[in-house]
Amino acid sequence: MGMPSIVTLISGRGSNFEAIYKTAQKEQWPVTFAGVIANNSAAKGLDFARSQGIPAFAIEHKEHPNRESFDAALIQQIDALGADLVVLAGFMRILTPGFIRHFEGRLINIHPALLPAFPGLHTHERALEAGVKEHGATVHFVNEGVDEGPIICQASVPVLEGDDADTLAARVLTAEHQIYPRAVKWFLDGRLRIEGNQVKLQPPESQFFKL
Ligand code: GRF
């Protein structure tokens, strides 16, 4: 049996993918980064992947008549690359139930909030608006609910006096870059078990990071 392989989907900067890849290099994970796919060719993260010799390309969602057609093209490409794990890293498309069922249990996402608080977009603005004192990020398995799947791990950061959406986003992004590689490694090591809407880690260790 070959090394497990990861296919990553991005829409933009790709800093989460870079954090996962660089951690894997540093810690010498036995893993293959089989490809990075973006839903638009302007995604900056494609450049980093290409610089590392990883197959990287765009499937333009705008060239597809509907979500089903786009997702069908994505499924075909991901299956052609071969993926034990599909990592959504700043992939800003809502996926169809058919796509989610096809990769069920091997499809994970990172969301810039402490779910179930602030699902959806503009999480930092909404956190400031709500006056919360703690904010953060969540890595979760993807199910058919938007930002609702079983939670793998979370990291919290303080909301500081004078914060605006940019300073808060930057603090959360630093936390994302710490927890996403951990979650991916737990998956690759076969340590994650989904029980209903819970994710159990074996052997147990904290799935919450206060940063
Ligand atoms: C991250 O904050 C992620 O949580 C959100 O989109 C942003 C993507 O950042 N879904 P990057 O492309 O990984 O740098």
Side-chain angles (χ1 to χ4, degrees), residues 6-25 33 35-52 54 56-61 74 85-95 99-100 103 107-129 132 134-159 163-185 187 199 207-209 211:
I6 296 177
V7 171
T8 306
L9 306 188
I10 66 171
S11 293
R13 176 184 54 194
S15 72
N16 274 288
F17 169 68
E18 210 170 313
I20 293 165
Y21 179 78
K22 285 182 173 167
T23 305
Q25 297 295 94
F33 288 91
V36 174
I37 307 173
N39 63 303
N40 69 86
S41 48
K44 276 269 155 281
L46 294 173
D47 302 339
F48 172 75
R50 289 181 185 125
S51 75
Q52 303 303 306
I54 298 167
F57 43 88
I59 299 177
E60 301 278 356
H61 70 270
L74 260 186
L85 176 64
V86 179
V87 171
L88 305 182
F91 186 68
M92 306 308 277
R93 299 287 302 166
I94 293 177
L95 294 159
F99 183 100
I100 292 165
F103 294 108
L107 178 61
I108 63 174
N109 181 43
I110 190 155
H111 181 75
L114 289 172
L115 293 170
F118 312 118
L121 299 175
H122 314 303
T123 61
H124 310 305
E125 291 83 348
R126 291 158 58 206
L128 289 167
E129 184 75 29
V132 296
E134 195 169 49
H135 187 38
T138 303
V139 180
H140 62 96
F141 282 99
V142 175
N143 65 11
E144 293 177 30
V146 174
D147 302 327
E148 277 179 15
I151 293 172
I152 298 170
C153 60
Q154 294 184 302
S156 75
V157 299
V159 178
D163 263 335
D164 60 22
D166 293 337
T167 56
L168 189 52
R171 193 170 312 117
V172 171
L173 194 63
T174 306
E176 294 181 43
H177 295 167
Q178 292 183 42
I179 60 170
Y180 216 175
R182 295 274 57 81
V184 171
K185 189 66 167 63
F187 181 95
V199 178
Q207 294 163 267
F208 177 67
F209 303 83
L211 303 173

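Remember, it's 1-based here, ligands and their atoms both numbered in the order they're listed. Everything numeric here is computed off the predicted structure, so don't read it as measured data.
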* Looking only at N/O atoms, are H111 and ligand 1 under 3.5 Å apart anywhere? ->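 Looking only at distances, the answer is no, because the N/O contact criterion of under 3.5 Å is not met.
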Nearest to [atom], what protein heavy atom do you find, and at what distance?
atom	result
atom 7 (C) of ligand 1	R13 NH2, 4.1 Å
atom 10 (N) of ligand 1	I110 O, 3.6 Å
atom 12 (O) of ligand 1	G14 N, 2.8 Å
atom 4 (O) of ligand 1	E176 OE1, 2.8 Å
atom 5 (C) of ligand 1	P112 CD, 4.0 Å

* Ring centroid separation F48 to Y21 under 6.0 Å ->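 Under 6.0 Å, so yes.
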* For S15 and H177, test the side chains for any donor-to-acceptor distance below 3.5 angstrom and give the result as yes or no. =>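 Short answer, yes.
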* To do: Verify the distance criterion only: is there a donor paired with an acceptor across the side chains of H111 and H140 at less than 3.5 Å?
  =>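 On atom types as modelled, these side chains do not qualify, holding no pair under 3.5 Å.
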* Quick one: does G45 get a heavy atom under 4.0 Å from ligand 1? ->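 Flag not set, G45 not near ligand 1.
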* For the residue pair D164 and L128, what are the closest heavy atoms and their distance? ->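 The answer is C-CD1, 3.4 Å.
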* So which heavy atom on F57 is nearest to which on R50, and how close? ->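 Nearest pair, atom of F57 first, then R50: CA-NH2, 3.9 Å.
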* Check for a donor-acceptor pair, side chain of T138 on one end and backbone N or O of A113 on the other, with a separation under 3.5 Å. =>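 Yes, T138 side chain to A113 backbone: donor-acceptor pair under 3.5 Å.
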* Among G90, S15, A169, A43, closest by any non-hydrogen atom to atom 8 (C) of ligand 1 ->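 The nearest heavy atom belongs to G90.
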